[in-house]
Amino acid sequence: RVKVFYSGESKLNKTYKSYNDEFLKENYDLILNFSNSNENEKVQRFPLWLLYVPKYNMDDEKDNFITYVLENRKKNMNNRKDKFACCIARHDPCNMRRNVCGELSKYGTISYPGRWKNNGGNGGKSTIGDKREDKINYAKHVKYMVCCESHREKGYCSEKIFEAFICGNIPVYWSEDMEPEREILKRDSYCLFEGEEIKNMVNNSKSYENSGVFTENAYNVLKREYYDKLKSNLTNLLRNRGKVMV
């Protein structure tokens with residue numbers, strides 16, 4: 001009845017080059033991805049990280065995406081942090097993970113339990129399981145998490161920085177935008193990839209740990225700009241086709 005396209009990948013990922021803008025606009029009624037919302041192009045911004053927690057419904061102010069992240073961050077920050085830092089990745093297409101890790105490694109040892117730069121003595125294979133829970137269980141014993149996006153695309157922000165908060169890590173972040181999700185995340189809750197800031201972070205880690213994660217308006221932004229707008233778009237598409245939502 002309504003054809004919806006959803007992508008959790010960057011448009012710059014060559015694996016999916018056949019899904020270009022022209023193809024999507026011609027074949028789908030609604031396009032959900034990292035691009036800025038554009039009604040004329042049938043596009044609504046709906047980043048992948050919105051679906052990375054089990055409490056993604058935003059109708060309850062006391063039980064939702066934000067409360068889930070904060071509850072798990074508080075719990076996991078109390079875990080014993082027996083690893084200085086880690087970078088869990090399959091590849092490094094922009095070479096930024098290499099750069100960030102090179103800077104951070106001046107202050108401690110970085111573990112690489114994923115496929116990229118694997119140093120777990122497992123022949124280049126991951127030393128953690130394939131499930132997301134395996135990643136969380138490993139990272140919650142780490143102090144700093146390297147969070148670099150895979151592609152240089154404006155607006156592209158994946159689940160990495162949010163998973164770091166869930167694990168009780170201090171995120172060291174890089175993306176094309178540098179400051180991710182400005183309306184939602186507090187700037188002093190994470191460290192940007194800059195040599196001087198990384199140095200200051202290591203010397204003043206408590207300031208990052210004590211910082212809040214979400215802005216005062218984060219709940220309203222998540223509810224209004226993402227979930228309510230998605231419901232409205234789907235309802236209007238169905239109504240225009242004379243269909244009734246069940």
Side-chain angles (χ1 to χ4, degrees), residues 1-59 64-66 68-69 88-97 114-116 130-132 135 147-163 173-185 218-246:
R1 294 182 177 184
V2 173
K3 296 177 68 177
V4 178
F5 176 86
Y6 184 80
S7 175
E9 291 286 348
S10 167
K11 291 191 298 183
L12 301 181
N13 190 325
K14 295 180 180 179
T15 304
Y16 310 105
K17 62 182 179 181
S18 60
Y19 294 95
N20 55 64
D21 292 341
E22 293 75 15
F23 173 84
L24 295 178
K25 188 176 180 180
E26 181 180 347
N27 289 279
Y28 292 90
D29 302 303
L30 181 62
I31 302 161
L32 305 174
N33 55 27
F34 293 97
S35 302
N36 290 331
S37 297
N38 186 328
E39 186 175 344
N40 293 330
E41 299 295 322
K42 305 180 183 179
V43 174
Q44 181 192 338
R45 186 170 192 271
F46 206 84
L48 178 65
W49 54 261
L50 288 164
L51 305 179
Y52 258 70
V53 306
K55 299 295 183 73
Y56 53 79
N57 190 307
M58 295 303 297
D59 291 335
N64 54 59
F65 182 96
I66 292 173
Y68 179 88
V69 172
I88 304 175
R90 290 178 295 176
H91 47 56
D92 186 25
C94 290
N95 288 322
M96 290 307 300
R97 288 169 183 149
R115 295 179 184 176
W116 181 68
D130 294 331
K131 296 180 179 180
R132 180 170 175 267
K135 177 181 179 181
C147 303
C148 293
E149 303 298 356
S150 301
H151 299 280
R152 296 176 179 270
E153 179 186 351
K154 186 174 178 59
Y156 180 56
C157 177
S158 66
E159 77 286 352
K160 295 176 181 63
I161 191 169
F162 293 94
E163 285 190 330
Y173 186 78
W174 174 87
S175 72
E176 179 69 12
D177 294 332
M178 290 303 288
E179 296 184 28
E181 308 296 354
R182 295 185 183 186
E183 291 185 296
I184 296 169
L185 296 178
Y219 174 82
N220 292 328
V221 172
L222 286 172
K223 180 171 171 54
R224 182 184 66 247
E225 296 299 323
Y226 294 124
Y227 290 99
D228 287 354
K229 184 174 289 186
L230 178 57
K231 292 177 184 178
S232 176
N233 283 334
L234 291 172
T235 300
N236 289 336
L237 284 168
L238 287 166
R239 183 181 292 120
N240 290 340
R241 284 158 176 72
K243 306 298 182 182
V244 178
M245 293 189 70
V246 178

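In the model, Ser35 has a side-chain atom that pairs as donor or acceptor with a side-chain atom of Lys11 under 3.5 Å. Judged by distance alone, the side chains of Ser175 and Asp177 never bring a donor and an acceptor atom under 3.5 Å apart. Side chains of Glu149 and Tyr173: a donor on one and an acceptor on the other come within 3.5 Å.
Closest of all the heavy-atom pairs between Ile66 and Asn64 is N-OD1, 2.9 Å. Summarising the geometry of Ser150 relative to Cys94, their closest heavy-atom pair is O-SG, 3.1 Å, with the distance given to 0.1 Å.
Between Glu39 and Asn233 there is no side-chain heavy-atom pair separated by less than 4.5 Å. The side-chain heavy atoms of Glu41 and Ile31, taken from C-beta on, include no pair separated by under 4.5 Å. Residues Pro54 and Tyr68 are in side-chain contact: their nearest non-hydrogen atoms beyond the backbone lie under 4.5 Å apart. Using a 4.5 Å heavy-atom threshold, the side chains of Arg224 and Met58 count as separate. Leu32 has its side chain within reach of Leu230: a pair of non-hydrogen atoms, C-beta onward, lies under 4.5 Å apart. Contact of the Tyr227 side chain with the Phe46 side chain is registered, since non-hydrogen atoms from C-beta on lie closer than 4.5 Å. The shortest side-chain heavy-atom distance between Phe162 and Cys157 falls under the 4.5 Å cut-off. Taking the side chain as every heavy atom from C-beta outward, Trp116 and Arg97 approach each other to under 4.5 Å.
Glu183 CD: 12 or fewer foreign heavy atoms inside a 6.0 Å radius. The neighbour count for Phe5 CZ, taken as heavy atoms of other residues, nucleotides or ligands under 6.0 Å away, is above 12.
Applying the side chain to side chain donor-acceptor pair (under 3.5 Å) test to Asp92 and every residue at least two apart in sequence or in another chain returns nothing.
Between the CZ atom in Arg182 and the CG atom in Leu185 there is a gap of 12.0 Å [rounded to 0.5 Å]. One finds the CG atom of Leu222 at 4.5 Å from the CD1 atom of Ile184 (value rounded to the nearest 0.5 Å). To the nearest 0.5 angstrom, Asp228 atom CG is 7.0 Å from Asp59 atom CG. With values rounded to the nearest 0.5 angstrom, Asp21 atom CG is found 10.0 Å from Asn38 atom CG. Taken to the nearest 0.5 Å, the NZ atom of Lys154 stands 13.0 Å off from the CG atom of Leu12. Once rounded to the nearest 0.5 Å, the distance linking NZ of Lys42 with CG of Asn27 reads 8.5 Å.
Between Tyr52 and Phe65, the distance from one ring center to the other does not fall under 6.0 angstrom.
Between Glu163 and Arg132 a salt bridge is recorded (basic side-chain N to carboxylate O distance below 4.0 Å).
With hydrogens and angles ignored, the 3.5 Å screen pairs no side-chain donor or acceptor of Ser7 with any backbone N or O of Asn33. Using a distance-only test at 3.5 Å, with no hydrogens or angles considered, a donor-acceptor pair links the side chain of Gln44 to the main chain of Tyr226. Formation of a donor-acceptor pair under 3.5 Å by the Asp29 side chain with backbone atoms of Lys3 is found in this model.
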Using the side-chain contact (heavy atoms from CB on, under 4.5 Å) rule, take Leu50 and Leu48 through it: C-alpha gap first, then chi angles, then the decisive distance, then the call.
CA-CA 5 Å; Leu50 288 164; Leu48 178 65; over 6 Å; no
Verdict with supporting geometry, Trp49 and Glu181, side chain to side chain donor-acceptor pair (under 3.5 Å)
CA-CA 11 Å; Trp49 54 261; Glu181 308 296 354; 3.0 Å; yes
Can you list the steps and then say if Phe34 with His151 is a side-chain contact (heavy atoms from CB on, under 4.5 Å)?
CA-CA 12 Å; Phe34 293 97; His151 299 280; over 6 Å; no
Pair Tyr28, Val43 - check side-chain contact (heavy atoms from CB on, under 4.5 Å), show working.
CA-CA 10 Å; Tyr28 292 90; Val43 174; over 6 Å; no
Would you sort out whether Glu153 and Ser10 count as a side chain to side chain donor-acceptor pair (under 3.5 Å), showing the intermediate values?
CA-CA 7 Å; Glu153 179 186 351; Ser10 167; 2.5 Å; yes
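Note on ring orientation: taking the six-membered ring where Trp is involved, the planes of Tyr16 and Tyr19 are tilted (angle from 30° to 60°).
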